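Computed from a predicted model, the values in this text were never measured in an experiment.
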Amino acid sequence: MSNEAYKIKIMGKFDGETVKLPNEGTFNMFTANAAFSDSDGNFGDAIGRGVRETDKNNKIINLYVVLIFDAPDGSKMMVRPVRTESDIKAGTGSFDILYATGVFSKYLGYSCKYGITTTKSGSFIQENICKETK
């Protein structure tokens with residue numbers, strides 16, 4: 001098992017549609033378009049698609065999201081974040097790397113922790129630290 005962490009940084013912008021719920025929470029269907037770089041020197045495009053549900057205090061209570069990383073050489077990686085009970089503007093969560101090809105293959109099955117910060121205009125920065133789970 002490797003003790004060295006694999007790190008990914010993502011920067012981009014959220015867009016989407018938000019529906020107000022009767023309980024004063026929200027249901028947000030979003031798209032995120034971003035760029036990424038990692039600790040191996042890889043870079044490329046990242047997309048996120050999903051749904052975030054918040055309560056009346058803007059705390060996330062449900063999240064269903066997929067992120068796909070696409071390097072210029074054709075390598076791809078897919079992850080599914082999990083995050084609950086945190087403020088939508090800043091928070092932490094985790095994800096497992098579920099699919100990986102090419103340069104990302106060696107990270108298949110890694111588990112990652114992340115921190116994300118968003119701005120008023122929907123821009124975000126997400127830092128990810130991944131470690132082997134075996």
Next item on the list: Report yes or no: does T119 contribute a side-chain atom to a donor-acceptor pair with the main-chain N or O of S123 at less than 3.5 Å?
Entry: yes
Notebook entry, point to check: In terms of hydrophobic clusters joined by side-chain contacts under 4.5 Å, are I116 and I129 together?
Noted result: no
Checklist line | K7: salt bridge (charged side-chain N to carboxylate O under 4.0 Å, His left out) partners, not counting sequence neighbours | finding: none
Notebook entry, point to check: At what distance, to the nearest 0.5 angstrom, does NZ of K56 lie from CG of N58?
Noted result: 13.0 Å
Notebook entry, point to check: Can you tell me how far CD of E4 sits from NZ of K131, rounded to the nearest 0.5 angstrom?
Noted result: 9.5 Å
Checklist line | Sequence-distant partners of F124, ring pair (Phe, Tyr, Trp, His ring centres under 6.0 Å), two or more places apart | finding: F14
Next item on the list: Please identify each residue that fulfils side-chain contact (heavy atoms from CB on, under 4.5 Å) with S105, with sequence neighbours left out.
Entry: none
Check: Hey, any chance L21 and V51 share a hydrophobic cluster, counting ILVMFWY side chains that come within less than 4.5 Å of each other, even indirectly?
Finding: yes
Margin query: Between Y6 and D40, is there a side-chain donor-acceptor contact under 3.5 Å, judged purely by atom types and distance?
Written below: no
Notebook entry, point to check: CG/D38 to CE/M77 distance, rounded to the nearest 0.5 angstrom?
Noted result: 7.0 Å
Margin query: Using 0.5 Å steps for rounding, measure from the CZ atom of R52 to the CE atom of M29.
Written below: 11.0 Å
Check: Going by atom types only, do N28 and T26 share a side-chain donor-acceptor pair under 3.5 Å?
Finding: no
Checklist line | T54 vs I61 side-chain heavy atoms within contact, under 4.5 Å | finding: no
Next item on the list: Output all residues satisfying side-chain contact (heavy atoms from CB on, under 4.5 Å) with A46, sequence neighbours left out; order by chain, then residue number.
Entry: I10, A34, F36, F69
Next item on the list: Can you sort out the partners of K76 under side-chain contact (heavy atoms from CB on, under 4.5 Å), two or more places apart, ordered by chain and number?
Entry: D70, Y99, T101
Next item on the list: Please list, chain by chain and in numerical order, all residues satisfying side-chain hydrogen bond (donor to acceptor under 3.5 Å, both in side chains) with S37, sequence neighbours excluded.
Entry: none
Check: Taking all atoms of both residues into account, what is the closest heavy-atom pair of G44 and P72, and its distance?
Finding: CA-CD, 4.2 Å
Item checked: In one Ile/Leu/Val/Met/Phe/Trp/Tyr side-chain cluster, 4.5 Å: L98, F95 -> no
Notebook entry, point to check: So, for Y110 and Y107, is the gap between ring centers shorter than 6.0 Å?
Noted result: yes
Next item on the list: Heavy atoms only: give me the nearest S75-G102 pair and the separation to one decimal.
Entry: OG-CA, 3.3 Å
Item checked: K59 backbone acceptor or donor facing N57 side chain under 3.5 Å -> no
Item checked: Residue pairs fulfilling salt bridge (Lys or Arg N to Asp or Glu O under 4.0 Å) with at least one residue in residues 10-22, sequence neighbours excluded -> none
Notebook entry, point to check: By the rule that ILVMFWY residues connect when side-chain heavy atoms come within less than 4.5 angstrom, directly or transitively, which residues belong alongside Y64?
Noted result: none
Next item on the list: Sequence neighbours left out, what pairs pass disulfide bond (SG atoms under 2.5 Å apart) with at least one residue falling in residues 100-131?
Entry: C112-C130
Next item on the list: Using the test side-chain contact (heavy atoms from CB on, under 4.5 Å), find all partners of V65 that sit at least two apart in sequence or belong to another chain.
Entry: F30, L63, L67, P81
Note to self: Would you say M78 ends up clustered with I8 if hydrophobic residues are merged whenever their side chains have heavy atoms under 4.5 Å apart, either directly or through other cluster members?
What the structure shows: no
Next item on the list: State which residues pass salt bridge (charged side-chain N to carboxylate O under 4.0 Å, His left out) with E127; sequence neighbours excluded, sorted by chain then number.
Entry: K9
Next item on the list: List the steps and the verdict of side chain to side chain contact (heavy atoms under 4.5 Å, CB included) for V103 and D73.
Entry: CA-CA 9 Å; V103 298; D73 72 354; 3.5 Å; yes
Checklist line | Results of salt bridge (charged side-chain N to carboxylate O under 4.0 Å, His left out) for D45 - residues two or more places apart only | finding: none
Item checked: Separation of D96 CG from T133 OG1 (nearest 0.5 Å) -> 7.0 Å
